[in-house]
Asks: 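Once you've had a glance at the structure underneath, I'll fire off some questions.
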Amino acid sequence: MNQQFLQQALVFLVAALVCVPFAKRLGLGSVLGYLLAGVIIGPFVLGFVGHEGEDIMHASEFGVVMMLFLIGLELEPRAFWNMRGAILGLGVTQLLFTSVVLLGGLLALGVTLVPAIVAATAFAMSSTAIAMQTLKEKDLTGTQAGRSSFAVLLLQDVAIIPILALLPLLALQSGPTQEAPAGIWGFLLPPLALIGLVLVGRYLINPFLRLIARLHTRELFTVSALFIVVGVAFLMQSVGLSAALGAFLAGVLLANSEFRHELESDVEPFKGLLLGVFFTAVGSTINFHLLAQEAAWVALLVVLVMTVKAVVLWLIGKRYRMHIDQNVLFAVLLCQVGEFAFVLLSTAAQSDIIDKHSAEVFTAVSTITMAVSPLLIFANERWLAPRIGVRELPDERPSDHIEDKHQVIIAGFGHFGSTLGRFLRANGVEATILDNDSDRVELLRKMGFKVYYGDCTRLDLLKSAGADSARLLVSTIDSEDQTLELVEVAQKHFPHLQLMVRTRNRFHAYALMEKGLMKTYRESLHGSVFMGADVLTQLGFRRYTVHRKAQEFIKYDESAMYKLVKNWNNGEEYIQSVRQEIAIQEQLLREDLRFASEIDDNAWDGDLLRQGSRE
């Protein structure tokens with residue numbers, strides 16, 4: 001193996017290990033970390049990899065090809081069909097309006113028609129990797145903005161197919177230097193290749209994968225997937241289309257396969273690595289010499305592109321009646337240029353549709369918008385989002401203001417909190433309910449719950465909710481950090497309140513117990529123990545005995561928490577304490593089980609009771 005290859009691989013890995021945790025620690029996301037790593041190790045800063053960006057572009061192109069395959073693989077046709085209304089409404093509107101407005105702006109700035117069309121179309125695309133990674137990392141996938149962003153990105157993923165297929169038509173208009181295709185056959189070959197690919201995917205790929213499945217060798221699935229990707233990419237490139245387009249289509253074809261989930265599980269471990277390679281390579285290819293020479297022009301284009309995209313997205317969100325906080329998030333999430341821009345621009349440059357200098361400028365603009373996007377998302381999350389949202393609902397709605405005060409306050413009303421609230425209400429106990437998810441607040445209001453929007457950790461909101469006179473504050477918040485902050489505020493300003501807090505896990509409970517809070521409720525404890533009780537029942541254990549054993553296990557486990565909390569921050573001592581407590585619990589439960597087997601334990605045994613009554 002080439003030593004230079006190993007050296008460059010080592011440099012890539014070290015840069016990612018340093019920069020990505022740093023960026024995530026600052027709340028900027030992993031994408032910006034990879035871009036920063038690429039910039040630092042690239043030829044224009046430390047010069048560890050690449051020669052003026054030329055050789056490293058091969059890694060970037062490979063990253064694009066594999067990433068588009070992964071995007072295609074996740075493009076489930078059923079999900080696409082179920083979301084067709086949002087995709088056609090939000091997606092088509094965004095793509096068309098953004099392209100038209102950007103085209104007008106580029107023409108006004110003096111860009112000629114054909115390069116302006118290519119650039120406007122490329123700039124209209126948004127980054128699937130950045131948007132979806134951000135939604136996943138910040139748990140925003142289920143929000144109004146998350147669903148709308150997904151619909152727009154799905155449309156863009158599909159739209160890239162006809163856009164790349166139509167690039168040869170622009171090549172015909174690009175001037176006399178462009179080679180004419182070989183007659184009518186050269187013109188018809190690309191669309192015929194696409195039609196043939198669809199037919200092959202429909203009638204040959206599934207039988208081929210069934211044949212591989214009969215061999216019962218799992219790694220062959222990965223080999224088969226890569227064979228299909230590389231083969232389709234090679235064929236598409238042979239007929240004058242993009243290899244990246246071929247990889248994307250291969251992913252879409254495999255998404256239709258009955259073996260889709262097996263292929264996804266095989267490729268999933270490589271997904272993050274491939275995206276990291278792509279963004280690191282993109283960062284390393286930023287031409288800082290070009291940026292220095294064309295600083296004003298590049299800056300103008302960056303501002304134009306991001307402003308136009310944000311405004312168009314904002315107007316679309318307004319048209320579809322998004323709440324202001326969700327609308328801002330929607331605009332910020334998708335205002336950058338996406339990965340498809342690199343495919344479009346490189347394909348256009350190779351076909352001489354645009355000159356090399358223009359391609360470099362447009363690529364630099366795309367890269368900078370991708371680098372700026374995580375900063376805008378961070379700024380929105382940190383400073384803008386907390387100040388806007390549901391509070392701007394119409395004045396005539398009484399639920400906008402906390403008027404009713406009850407003895408119980410529930411902070412957080414997701415799945416856990418809503419189940420608790422319904423149980424209390426069914427037993428005649430009303431509660432003042434607070435939640436900071438604007439979409440959830442609106443949905444719950446439509447369902448008949450009086451839920452108030454706001455940050456539960458704010459002192460003024462707790463006072464207006466009646467914390468001064470309430471008896472109980474029940475926290476069912478998802479976020480561990482917010483839960484700790486709420487407990488601190490309540491203990492400091494409302495010491496009379498009895499706090500009952502849901503915790504995500506054992507360690508979250510330890511952090512609260514250190515603050516003197518002993519009423520904690522681990523969300524997984526009862527569910528997992530009683531699932532185990534059902535397992536024992538199915539195996540023939542008596543239901544009453546199993547129920548009693550489950551209650552005893554919970555009692556022993558909760559009592560052990562008070563001992564374990566003393567050492568939970570001390571690794572070795574904590575592990576030893578846990579092992580001792582597990583041994584003690586299991587010994588107690590075994591002794592109890594032996595005792596139960598020696599006595600007439602017939603409680604809850606309906607069959608024995610009915611048999612006795614007959615006798």
Side-chain angles (χ1 to χ4, degrees), residues 20 23-24 27-35 63-64 67-68 70-76 79-80 83 86-87 89-95 98 122-160 248 251 271-272 274-276 278-279 282-283 302 305-314 316-317 320 322 325-344 366-381 384-385 439:
V20 174
K24 293 197 73 173
L28 301 176
S30 57
V31 171
L32 188 59
Y34 285 119
L35 287 169
V64 171
M67 184 186 61
L68 293 183
L70 291 167
I71 292 172
L73 189 63
E74 293 177 347
L75 190 61
E76 188 177 0
F80 188 88
M83 296 181 63
I87 291 170
L90 290 164
V92 173
T93 305
Q94 181 275 332
L95 189 59
T98 305
F123 291 158
M125 299 288 180
S126 301
S127 173
T128 301
I130 291 178
M132 296 309 295
Q133 187 80 0
T134 301
L135 291 172
K136 183 178 179 181
E137 287 179 356
K138 301 183 182 299
D139 196 23
L140 297 171
T141 308
T143 63
Q144 191 178 24
R147 293 190 300 270
S148 301
S149 299
F150 184 64
V152 170
L153 293 168
L154 272 179
L155 187 279
Q156 292 179 1
D157 291 345
V158 174
I160 193 65
F248 176 73
K271 181 177 180 180
L274 291 171
L275 292 179
F278 167 67
F279 284 112
V282 167
V302 169
V305 169
M306 299 195 79
T307 302
V308 167
K309 295 191 74 171
V311 170
V312 170
L313 289 163
W314 167 267
I316 292 172
Y320 283 86
M322 288 189 192
D325 56 337
Q326 295 297 304
N327 201 1
V328 171
L329 178 60
F330 177 56
V332 170
L333 269 175
L334 301 180
C335 69
Q336 79 289 115
V337 181
E339 305 80 27
F340 287 127
F342 297 97
V343 180
L344 286 171
S366 304
T367 305
I368 292 172
T369 64
M370 294 173 80
V372 171
S373 178
L375 298 175
L376 294 178
I377 294 169
F378 174 77
N380 173 67
E381 180 186 33
L384 190 57
D439 284 338

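Side chains are part of it too, since the values below use all heavy atoms of this structure and drop only hydrogens, waters and symmetry mates. We number each residue from 1, following the sequence as shown.
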Asks: Minimum heavy-atom separation for G89 to Y320, with atom names?
Replies: CA-OH, 3.1 Å
Asks: Using the side chain to side chain contact (heavy atoms under 4.5 Å, CB included) rule, take F150 and L135 through it: C-alpha gap first, then chi angles, then the decisive distance, then the call.
Replies: CA-CA 10 Å; F150 184 64; L135 291 172; 5.7 Å; no
Asks: Nearest 0.5 Å, please: how far is OG1 in T369 from CZ in F123?
Replies: 8.0 Å
Asks: For L155, which of L90, V92, T93 qualifies under side-chain contact (heavy atoms from CB on, under 4.5 Å)?
Replies: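 Running side-chain contact (heavy atoms from CB on, under 4.5 Å) over L90, V92, T93 with L155 returns exactly one hit, V92.
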Asks: Once rounded to the nearest 0.5 Å, what's the spacing between atom OG of S149 and atom CG of L313?
Replies: 8.0 Å
Asks: Is the side chain of N380 donor-acceptor paired with the backbone N or O of L329 at a distance under 3.5 Å, no angle test?
Replies: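 Between the backbone of L329 and the side chain of N380 there is no qualifying donor-acceptor contact (under 3.5 Å).
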Asks: Nearest heavy-atom pair of C335 and L376: which atoms, and what distance?
Replies: SG-CD1, 3.9 Å
Asks: At their closest point, which heavy atom of S126 faces which heavy atom of Q156, and how far apart are they?
Replies: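 In terms of heavy atoms, the two residues are closest at N-OE1, 2.8 Å.
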Asks: What residues, two or more places apart in sequence or in another chain, satisfy side chain to side chain contact (heavy atoms under 4.5 Å, CB included) together with T98?
Replies: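 Here the qualifying residues are Q94, L102, A124, K309, V312.
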Asks: Do you know which two heavy atoms are closest between I130 and T134, and how far apart they sit?
Replies: O-OG1, 2.7 Å
Asks: Looking only at heavy atoms, what is the nearest atom pair of Q326 and A145, with distance?
Replies: OE1-N, 2.9 Å
Asks: Ignoring hydrogens, what is the shortest heavy-atom contact between L334 and A131? Give both atom names and the distance.
Replies: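 Between these two residues, the closest heavy atoms are CD2-CB, 3.9 Å.
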Asks: Between Q336 and S373, do the side chains contain a donor N or O and an acceptor N or O under 3.5 Å apart?
Replies: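 A pair is found: one side chain offers a donor N or O, the other an acceptor, under 3.5 Å apart.
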Asks: Verify side chain to side chain contact (heavy atoms under 4.5 Å, CB included) between W314 and M322, making sure each step is shown before the conclusion.
Replies: CA-CA 9 Å; W314 167 267; M322 288 189 192; over 6 Å; no
